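A quick note: this is a predicted structure, and the numbers were derived from the prediction, not measured. Keep in mind that the numbers below use all heavy atoms, side chains included, and drop hydrogens, waters and symmetry copies.
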Amino acid sequence: MVAEAANTTVSILRGVSYDEYGDLQDDMAAVTPGIPAVLVETTQSVFDPATQTPRTVRAATCRVPAWTGVLNTDQIRDDLTGSTYSIEDVTRPPTITSSPVGGPVDIVLTLRRITAAGV
């Protein structure tokens, strides 16, 4: 369960609006603020053979409670750091039993940061 291991709170951002030219744009209003979450960023150094240079690959994973109703078209904002992430994948891990002991299984999100570090 996320509540016991949470290292931050996140807000789910969702929505679109129209700009002054009538074009659709992301509005991203916080539809569900203050959700307890486990957010982990990792880095891995890899060698790019095409350019002969080392690269740093960053990945982020987030676990949120099953009741959040998050969609893969939403964005996640870390309330602690202010960083915003796009959601690449939403996964609900399988359970061993048909009715999980202790409540529903947490949702695992694969994220990509869309704001610069330190912003």
Side-chain angles (χ1 to χ4, degrees):
M1 298 297 286
V2 170
E4 292 83 15
N7 61 359
T8 190
T9 59
V10 297
S11 297
I12 296 176
L13 309 176
R14 182 182 298 163
V16 293
S17 64
Y18 293 95
D19 64 8
E20 62 272 9
Y21 303 106
D23 295 329
L24 200 60
Q25 65 182 9
D26 289 336
D27 190 22
M28 294 305 161
V31 294
T32 313
I35 299 170
V38 177
L39 181 62
V40 179
E41 287 192 48
T42 58
T43 59
Q44 179 181 5
S45 296
V46 296
F47 185 75
D48 184 8
T51 60
Q52 297 295 312
T53 56
R55 303 277 183 195
T56 301
V57 177
R58 295 179 183 219
T61 303
C62 183
R63 285 185 171 266
V64 294
W67 53 261
T68 57
V70 66
L71 305 172
N72 62 353
T73 55
D74 295 340
Q75 292 180 356
I76 297 288
R77 182 180 59 230
D78 183 351
D79 296 335
L80 185 64
T81 64
S83 297
T84 304
Y85 300 87
S86 65
I87 299 174
E88 292 185 343
D89 191 29
V90 178
T91 311
R92 185 180 307 267
T95 60
I96 296 173
T97 62
S98 60
S99 61
V101 177
V105 179
D106 297 329
I107 297 171
V108 179
L109 308 173
T110 303
L111 307 174
R112 178 174 304 254
R113 186 197 304 239
I114 57 175
T115 58
V119 174

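Thr115 places a side-chain N or O within 3.5 Å of a backbone atom of Thr84 that can act as its donor or acceptor partner.
Considering all non-hydrogen atoms of both residues, Ala6 and Pro36 come closest at CB-CB, 4.0 Å. Between Gly82 and Arg77, the closest heavy-atom pair is O-CG, 4.0 Å. Between Gly69 and Arg14, the shortest heavy-atom contact is O-NH2, 3.2 Å. Looking at every heavy atom in both residues, Val105 comes nearest to Arg92 through O-NH1, 3.5 Å.
Here the straight-line distance linking atom CZ of Arg112 with atom OG of Ser86 works out to 7.0 Å at 0.5 Å rounding. Note that the OG1 atom of Thr110 and the CD atom of Glu88 stand 7.0 Å from one another [nearest 0.5 Å]. Rounding to the nearest 0.5 Å gives a distance of 3.5 Å between CG of Asp79 and OG1 of Thr9. Once rounded to the nearest 0.5 Å, the distance linking CG of Asp89 with CD1 of Ile107 reads 11.5 Å. Rounded to the nearest 0.5 angstrom, Thr73 OG1 and Leu13 CG are separated by 11.5 Å.
Note on Val31 and Ile35: same hydrophobic cluster, where clusters join Ile, Leu, Val, Met, Phe, Trp and Tyr whose side-chain heavy atoms are under 4.5 Å apart, directly or indirectly. Under the 4.5 Å side-chain heavy-atom criterion for Ile, Leu, Val, Met, Phe, Trp and Tyr, Val10 and Val90 are members of the same hydrophobic cluster. Under the 4.5 Å side-chain heavy-atom criterion for grouping Ile, Leu, Val, Met, Phe, Trp and Tyr, Ile76 is not connected to Leu80 through any hydrophobic cluster.
Counting heavy atoms of neighbouring residues, nucleotides and ligands inside a 6.0 Å radius, atom CZ of Phe47 exceeds 12 of them.
Each of Asp106, Ile12, Thr32 was scored for a side chain to side chain contact (heavy atoms under 4.5 Å, CB included) with Thr68, with one residue passing: Ile12.
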Practice task
Starting from the C-alpha separation in whole Å, work towards a yes-or-no answer on side chain to side chain contact (heavy atoms under 4.5 Å, CB included) for Leu39 and Thr81.
Solution key: CA-CA 11 Å; Leu39 181 62; Thr81 64; 5.9 Å; no
